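The structure appears right after this line, and notes come after that.
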Number of protein chains: 2
Amino acid sequence: MLLDTNTAFERLRAAGLKLTVQRRAVIEELVGDESHPTTEELARRLSARVPGMSLSTVYKVLHELVELGLVRQVDAAGAMRFDPNGADHVHVVCDECGDIFDAELPATAVTAIKSAAPKGSAITRLDIVARGVCPHCAA
Amino acid sequence: MLLDTNTAFERLRAAGLKLTVQRRAVIEELVGDESHPTTEELARRLSARVPGMSLSTVYKVLHELVELGLVRQVDAAGAMRFDPNGADHVHVVCDECGDIFDAELPATAVTAIKSAAPKGSAITRLDIVARGVCPHCAA
DNA sequence: GTTACTGCAAACACTTTGCAGGAGA
DNA sequence: TCTCCTGCAAAGTGTTTGCAGTAAC
């Protein structure tokens, strides 16, 4: 479920979307990035990579990638952040430094939560944010 | 952990905050409300209850209640929503109708998630959103 | 040659802020 | 009385939209 350049390109094609320079750049910039960048941060990096790239295009492309399930968005305090890890997992957010860390979501937790949902509902995605203090700030 | 008028008033006093008409109204409006209203929705109801009550006051009071841990905020698509249930629980969000339902968070899930967090971190709150289709929309 | 995408700038929705007058203790 | 709070209006922030020109296929 981790974002990979080639699969992402294929998925775009499959969805009938053109492989523009900008879409390529957003994907390549996001692959392997575990820092959970904001749209602003991505736009900053991308305009270095693709001179003249606009903020609204960054928004549009990110939205498409989320729609395709290739990327996750994390809503952490004000600005939206992005994560190339499309799988269900836990986001540990530090209240001190604001950093976001990924943590694995135990299968037992998934089944427990899904079984707690109302009978007849179909859960397709879990967004889990654990807030507290990270090991670094605790010291 | 469910919001209760008297305890809320006590907590405000304890925090050195005055018991204004507006604060009273926000608390009373929120007690027992399971509909996860937006700030706008609350402001609408409150201006009926307290004529002339301003939107910015609603924002300020809600922020205080969240700070005191009496109320939770749920960040579901655009507008912030509020929940008088201060305990960790699951929010089931329907992608069709947008409604939010509360579900119990199994203790097994809590321990599983907390143990998955980085060693040395202290998790104080879990925000869990389960997205999918509610029983009503599935039919 | 078509079609769909980008960049721009303006609009938008939600939230925050500063301050003077007014209510709470 | 003294302090804190409210309401107003204005500013702020992050995001969306419409459209003409342009790149992808």
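Just so you know, these numbers come straight off a predicted model, no measurement behind them. Naming convention: chains lettered A, B, ... in sequence-line order (proteins, then strands); numbering from 1 in each chain.
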Can you measure [X] atom [atom1] to [N] atom [atom2] for me and round it to whole angstrom units?
| X | N | atom1 | atom2 | answer |
| --- | --- | --- | --- | --- |
| L17(A) | dC5(C) | CG | C1' | 10 Å |
| E40(A) | dT13(D) | CD | P | 10 Å |
| Y59(A) | dA10(C) | OH | P | 18 Å |
| L62(B) | dT6(D) | CG | P | 12 Å |
| H63(A) | dT16(D) | NE2 | P | 6 Å |
| R23(B) | dG24(C) | CZ | P | 11 Å |
| L65(B) | dC5(D) | CG | C1' | 14 Å |
| L46(B) | dG7(D) | CG | C1' | 15 Å |

Which part of the nucleic acid, if any, lies within contact of T38(B), taking any heavy atom under 4.0 Å across all strands shown: a base, the sugar-phosphate backbone alone, or nothing?
-> nothing
G52(A) near the nucleic acid: base, sugar-phosphate alone, or nothing, with a heavy-atom cut-off under 4.0 Å?
->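 Sugar-phosphate contact only - G52(A) comes under 4.0 Å of backbone atoms but never of a base.
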With a 4.0 Å cut-off, would you call [X] and [Y] a salt bridge?
| X | Y | answer |
| --- | --- | --- |
| D95(B) | R125(A) | no |
| D75(B) | R81(B) | no |
| E64(A) | K60(A) | no |
| D88(B) | R72(B) | yes |

Which residue lies toward the 5' end of DNA chain C, Q22(A) or R24(B), if each is placed at its nearest nucleotide?
->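 The residue closer to the strand's 5' end, by nearest nucleotide, is Q22(A).
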Quick one: on DNA chain C, does S56(B) or V21(B) contact a more 5' nucleotide (nearest heavy atom)?
-> S56(B)
From C-beta outward on [X], which listed nucleotide comes closest to its side chain: [options]?
| X | options | value |
| --- | --- | --- |
| T20(A) | dC5(D), dT15(D), dC5(C) | dC5(C) |
| K18(B) | dC25(D), dT15(C), dT3(D) | dT3(D) |
| S54(A) | dT15(D), dC14(C), dG7(C) | dG7(C) |
| L55(B) | dT6(C), dT15(C), dG7(D) | dT15(C) |

Heavy atoms of other groups near R49(B) CZ, more than 12 under 6.0 Å =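 More than 12 within 6.0 Å, yes.
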